[in-house]
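Residue numbers start from 1 in every chain, and the chains themselves are labelled A, B, ... in the order their sequence lines are given, proteins ahead of strands. Basis for what follows: all heavy atoms, side chains included, without hydrogens, waters or symmetry-related copies.
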Amino acid sequence: MTSADLDPKAAASEGTVPEAPRRHFIQEIIDEHNRSGRFGGRVHTRFPPEPNGYLHIGHAKSICLNFGLAEEYGGKCNLRFDDTNPVKEEQEYIDSIITDVRWMGFQWAGIYYASDYFEQIYQWSVQLIKAGKAYVDHLTADEIREHRGTLTKPGKDSPYRNRTVEENHDLFERMKAGEFKEGECVLRAKIDMASPNINLRDPVLYRILHATHHRTGDKWCIYPMYDWAHGQSDSIEGITHSICTLEFEDHKPLYNWFIESLGIYQPVQIEFARLNLNHTVLSKRKLIRLVQEKHVRGWDDPRMPTLSGLRRRGYTAEAIRNFVEMVGIAKSNSIAEMAMLEYCVRQDLNKRAARVMAVVKPLKVVLTNYPEGQTEMLNAVNNPEDPAAGSREVPFSKVLYIEQDDFMENPPSKFYRLSPGREVRLRYGYFIKCEEVVKDAAGNVVELRCTYDASTKGGEAPDGRKVKATIHWVSAAQALDAEVRLYNHLFTKPFPGDDEGSDFVNDISPASLEVVTGCKVEPSLANAQAGTGYQFERLGYFAVDPDTQGSTLVFNRTVTLRDDWAKQQKSK
RNA sequence: UGGGGAGUCGCCAAGCGGCAAGGCUCCGGACUUUGGAUCCGGCAUUCGUAGGUUCGAAUCCUACCUCCCCAGCCA
């Protein structure tokens, strides 16, 4: 027993007493509700995406928050599609969202659709009309805008604002029956055109859209606005904590007005700051442009910050969850650094990815003193971080490939890889020494002629001599060909489009994708399955792309390994 | 110049009147058959600014400054 066992303070200072996990403000609010019995101990959240695009890393924060809170408090979390705008929404998006939420590792209490509540919302509209709290307005969209006033000037009442209940009801029924064209009229709440909160200046409740809805078909030609559907959907589902982003903070008085006017169950709305990430874009409008204008291959292009893109690139759900945890939940607008996300994948993949040797840009090496035609199998560890991963055999022979970057004819002092006359270790193999450099007519190094030291098999020299570097390699005869896609930040600037008047697409990095063919990988990769992530020793983490067919292996670089040497070079 | 939010290290972020957590980045160093991993150490005498209250303030009060959101028949 040590003094730390006796003295709790000493123990704490040695880190032996784990600190309670930091709780964020939303957890504190829920704790308070549980103490006061506000919801009888219930915690029921929901993740409410609009199916008009693919989910991205920003959504992951909301997913982790909502589903995470439900798990933590033994509650429930619904997956609900806010599908109130048929012209922008599609089944493809619904499918992708379901796939992505599941991939993130969460289980919903149920899948719901705002469109399932259209009938109820319609009836509530009638209730509002009958209470004299809603009216049909025949002003045009432009006129409504003009009447709304400005941030500093109050709005003006619409001339249609004082229609009778009967007239409003009749008009609304005719809107529903399809007697009007799109834009001809709308249903508006009758609140206060002079409110300093613009959301309360008689917001539009229903608009006419002669569009086919992906779920309700042609049943409706009037569709509720988000504001008029969202809070009521939460109410219907018995949501306790309606968590949303900051911009909805001043919609809250409106939601409360609806709930109170209707006299229905009221959830509590809590706002938090959405996630922002540098060197990418996270707005749906911009992401959809990248796809439609073909700046990327699609929603799941590995350069995209979408969950499907990150997944294809080789990110794991756990890495993303850790990242979200690391970023935290707060109310101040912030922009996290991509470096933090990259740290999280490396941390996760370091534990789980099998190590393998692959040469992306091959340089031929001939071992002049190695027996012609001989092949031997060398034992290689699959994952030094995980003994259970075991080991494998890799073939070694007279002709090998090493990485072009691992050789320099005239190396600077800090370069300690291969160069003329210098000796390095081939990982799990032998020490080799560069004796001769072969060049083509243009002066490019095309081959190295080296000698190997048979006594150094496995990587240790019996005479105790050391080498400064260990490099990876692949035996030429058994090597598999591969295509490797190297990704870098999609945008050169940390804040794309930040320059005044500059379109963010102008900041797309020409180096965001480099496709390298003719790469050589070790034969153990022969049956690598799409989606599997590997560490290419000394290079980074790579995931097998679904484009892989037959014998053509295609890899996506998820992220490089941390590289002090590269960093040194860069800072020069 | 209305209303609603936010300002703590380069980036996130704790702190809730008792004397600035942690993580990422960065910089040193140890170790190393991945220049990986790991491990040590450094990195805010100061909390947007200025006053005030208090024995004591990032935390309370006052004023000011800066940033973000709102004028869709988008969500």
Side-chain angles (χ1 to χ4, degrees), chain A residues 19 22-24 28 48-50 52 82-85 87-89 137 139-141 144-146 148-155 182-188 194-201 203-209 223 225-227 229-230 245-253 271 273 275 278 284-285 323 325-344 346-347 350-351 355 357 380-381 384-385 414-417 425-429 431 458-460 467-472 494 535-540 560-568:
Chain A
E19 278 184 41
R22 195 105 252 149
R23 301 182 64 71
H24 53 69
E28 288 177 353
E50 181 191 14
N52 68 342
D82 261 326
D83 54 351
T84 56
N85 187 351
V87 311
K88 287 187 176 175
E89 297 151 8
D137 196 350
L139 248 27
T140 65
I144 285 180
R145 190 180 333 108
E146 286 160 15
R148 188 148 33 222
T150 68
L151 296 179
T152 52
K153 275 186 300 211
E182 282 186 20
E184 212 174 326
C185 54
V186 294
L187 181 71
R188 287 230 255 172
S195 173
N197 181 343
I198 291 181
N199 294 300
L200 262 20
R201 317 239 267 229
V204 171
L205 265 26
Y206 264 98
R207 78 287 215 189
I208 295 167
L209 254 24
Y223 292 92
M225 296 291 290
Y226 170 84
D227 278 344
H230 192 80
T245 44
L246 260 23
E247 68 270 30
F248 293 106
E249 206 143 19
D250 49 16
H251 288 233
K252 191 152 51 176
E271 310 83 11
L275 174 67
N278 67 14
K284 275 195 186 172
R285 197 200 106 243
F323 169 69
E325 189 66 33
M326 192 177 272
V327 167
I329 303 295
K331 288 193 76 162
S332 63
N333 285 309
S334 58
I335 305 174
E337 289 179 340
M338 190 64 89
M340 211 187 279
L341 215 209
E342 292 175 342
Y343 170 84
C344 290
R346 287 194 187 100
Q347 181 184 249
N350 178 50
K351 291 180 301 185
R355 264 109 256 225
M357 290 199 283
V381 171
E385 304 296 320
K414 283 302 180 62
F415 182 88
Y416 45 83
R417 273 108 97 149
R425 171 169 40 231
L426 293 179
R427 174 138 242 225
Y428 300 122
F431 284 11
E460 298 287 355
V467 288
K468 294 193 84 171
T470 299
I471 66 174
H472 60 278
Q535 183 195 99
F536 286 0
E537 293 222 23
R538 303 207 306 131
L539 296 176
T560 61
L561 247 30
R562 239 163 71 180
D563 188 345
D564 286 344
W565 166 248
K567 198 185 288 176
Q568 258 179 59

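- Remark: the separation of the P atoms in C26(B) and C70(B) is 35 Å, to the nearest Å.
- S195(A) has no side-chain polar atom (N or O) that falls below the 4.0 Å cut-off from OP1 or OP2 of G2(B).
- Within the nucleic acid shown, S334(A) comes within 4.0 Å of sugar-phosphate atoms alone, with no base atom in reach, counting heavy atoms only.
- Taking side-chain N and O atoms only, R148(A) has a distance below 4.0 Å to OP1 or OP2 of C73(B).
- Using P as the reference atom, A50(B) and A58(B) are 13 Å apart when rounded to the nearest Å.
- Mapped onto RNA chain B by nearest heavy atom, I335(A) and L209(A) fall at different nucleotides, with I335(A) at the one closer to the 5' end.
- Y343(A) has a side-chain polar atom (N or O) that falls below the 4.0 Å cut-off from OP1 or OP2 of C24(B).
- Atoms CZ and CZ, on R417(A) and R538(A) in that order, are 5.0 Å from each other to the nearest 0.5 Å.
- Ion pair K252(A)/E271(A) flagged as a salt bridge, since at least one NZ, NE, NH1 or NH2 atom sits closer than 4.0 Å to an Asp/Glu carboxylate oxygen.
- Not a single ring pair (Phe, Tyr, Trp, His ring centres under 6.0 Å) links H472(A) to another residue, sequence neighbours left out.
- At C26(B), one or more side-chain N or O atoms of K567(A) fall inside 4.0 Å of OP1 or OP2 (strictly under the cut-off).
- Closest contact between the side chain of I144(A) and the listed nucleotides C74(B), C73(B), A71(B) involves C73(B).
- The separation between E337(A) atom CD and C9(B) atom P is 13 Å, rounded to whole Å.
- C11(B) sits 7 Å from U25(B) when the C1' atoms are compared, rounded to a whole Å.
- Base orientation of G72(B): syn (glycosidic angle within 90° of 0).
- When both pairing distances are held under 3.5 Å, A71(B) makes no Watson-Crick or G-U pair with any nucleotide shown.
- For the C1' atoms, the distance linking A75(B) with G7(B) amounts to 28 Å, nearest Å.
- When the nucleotides C73(B), C12(B), C16(B) are ranked by their closest atom to the side chain of M340(A), C12(B) comes out on top.
- Nucleotides C60(B) and C69(B), compared at atom P, are 27 Å apart to the nearest Å.
- Counting to the nearest Å, the P atom of G35(B) and the CD atom of Q568(A) are 12 Å from each other.
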Find every protein N or O atom lying less than 3.5 Å from an N or O atom of nucleotides 28-30 of chain B, and list the pairs.
none

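- A donor-acceptor pair under 3.5 Å links the side-chain atoms of R201(A) to the main chain of S195(A), judged by distance alone.
- In this structure, the side chain of R425(A) engages the main chain of G459(A) through a donor-acceptor pair within 3.5 Å.
- The interatomic distance linking K153(A) (NZ) with A71(B) (P) rounds to 16 Å, in whole Å.
- Residue F415(A) is classed as a base contact, given a heavy-atom separation below 4.0 Å to a base.
- The closest donor-acceptor contact from the side chain of D137(A) to the backbone of L187(A) lies at 3.5 Å or more, if one exists at all.
- On the P atoms, G52(B) is 22 Å away from A20(B), given to the nearest whole Å.
- Summarising the geometry, the separation between CD on E146(A) and C1' on C73(B) is reported as 15 Å, rounded to the nearest angstrom.
- Across all strands shown, A58(B) remains unpaired; no Watson-Crick or G-U wobble contact has both distances below 3.5 Å.
- Residues forming a ring pair (Phe, Tyr, Trp, His ring centres under 6.0 Å) with Y343(A) (at least two apart in sequence, or on another chain): none.
- To the nearest whole angstrom, the two P atoms, one in G10(B) and one in A6(B), are 23 Å apart.
- Judged by distance alone with a 3.5 Å cut-off, no donor-acceptor contact links the side chain of Q535(A) to the base of G36(B).
- We find that CD of E271(A) is positioned 14 Å from C1' of C68(B), with the value rounded to whole Å.
- Aromatic rings of Y416(A) and W565(A) (six-membered ring for Trp) have centroids beyond the 6.0 Å cut-off, not under it.
- Phosphate proximity of C73(B) to R145(A): absent, as no side-chain N or O sits under 4.0 Å from OP1 or OP2.
- Within 4.0 Å (heavy atoms only), I208(A) reaches no atom of the nucleic acid at all.
- For a distance-only test at 3.5 Å, the side chain of D250(A) qualifies as a donor-acceptor partner of the base of G3(B).
- Phosphate proximity of G35(B) to R538(A): present, with a side-chain N or O under 4.0 Å from OP1 or OP2.
- Between F323(A) atom CZ and U25(B) atom P the separation is 12 Å, expressed in whole Å.
- Within 4.0 Å (heavy atoms only), H230(A) reaches no atom of the nucleic acid at all.
- A donor-acceptor pair under 3.5 Å links the side-chain atoms of N278(A) to the main chain of M338(A), judged by distance alone.
- In this structure, A336(A) reaches the sugar-phosphate backbone alone: every heavy-atom distance under 4.0 Å involves primed, P, OP1 or OP2 atoms, never a base.
- Partner assigned to U66(B) is A6(B), using Watson-Crick or G-U wobble distances below 3.5 angstrom.
- Here Y416(A) lies in heavy-atom contact (under 4.0 Å) with a base.
- No contact: E342(A) has no heavy atom under 4.0 Å from any strand.
- OP1 or OP2 of C74(B) has at least one side-chain nitrogen or oxygen of R207(A) nearer than 4.0 Å.
- Using a 4.0 Å heavy-atom criterion, one finds that P384(A) contacts the bases of the nucleic acid, with or without backbone contacts as well.
- Taking atom CG of residue N199(A) and atom P of nucleotide C73(B), one finds them 11 Å apart after rounding to whole Å.
- For the pair R346(A) and A37(B), the criterion of a side-chain N or O lying under 4.0 Å from OP1 or OP2 is not met.
- For T84(A), a side-chain nitrogen or oxygen approaches OP1 or OP2 of A75(B) to under 4.0 Å.
- At A13(B), one or more side-chain N or O atoms of S332(A) fall inside 4.0 Å of OP1 or OP2 (strictly under the cut-off).
- Below the 3.5 angstrom threshold, one finds a donor paired with an acceptor across the side chain of E385(A) and the base of G36(B).
- Projected onto RNA chain B by closest heavy-atom contact, E537(A) and V186(A) fall at different nucleotides, the more 5' of which corresponds to E537(A).
- One C1' atom belongs to C64(B), the other to C55(B), and the distance between them is 29 Å to the nearest Å.
- One interatomic measurement links the two molecules: CD of Q347(A) to P of G36(B), which rounds to 16 Å at whole-angstrom precision.
- Base pairing annotation: C31(B) forms no Watson-Crick or G-U wobble pair, as no partner gives both donor-acceptor distances under 3.5 Å.
- Formation of a donor-acceptor pair under 3.5 Å by the D250(A) side chain with backbone atoms of N197(A) is not found in this model.
- Put simply, NZ on K284(A) and CG on N52(A) are 3.5 Å apart, with the number rounded to the nearest 0.5 Å.
- A salt bridge does not link K88(A) with E50(A): none of the charged nitrogens is closer than 4.0 Å to a carboxylate oxygen.
- Side-chain nitrogen and oxygen atoms of R562(A) include none within less than 4.0 Å of the OP1 or OP2 phosphate oxygen of G35(B).
- Within 4.0 Å (heavy atoms only), L139(A) reaches at least one base atom of the nucleic acid.
- Here E460(A) lies in heavy-atom contact (under 4.0 Å) with a base.
- Note on F248(A): a base of the nucleic acid sits closer than 4.0 angstrom, heavy atoms only.
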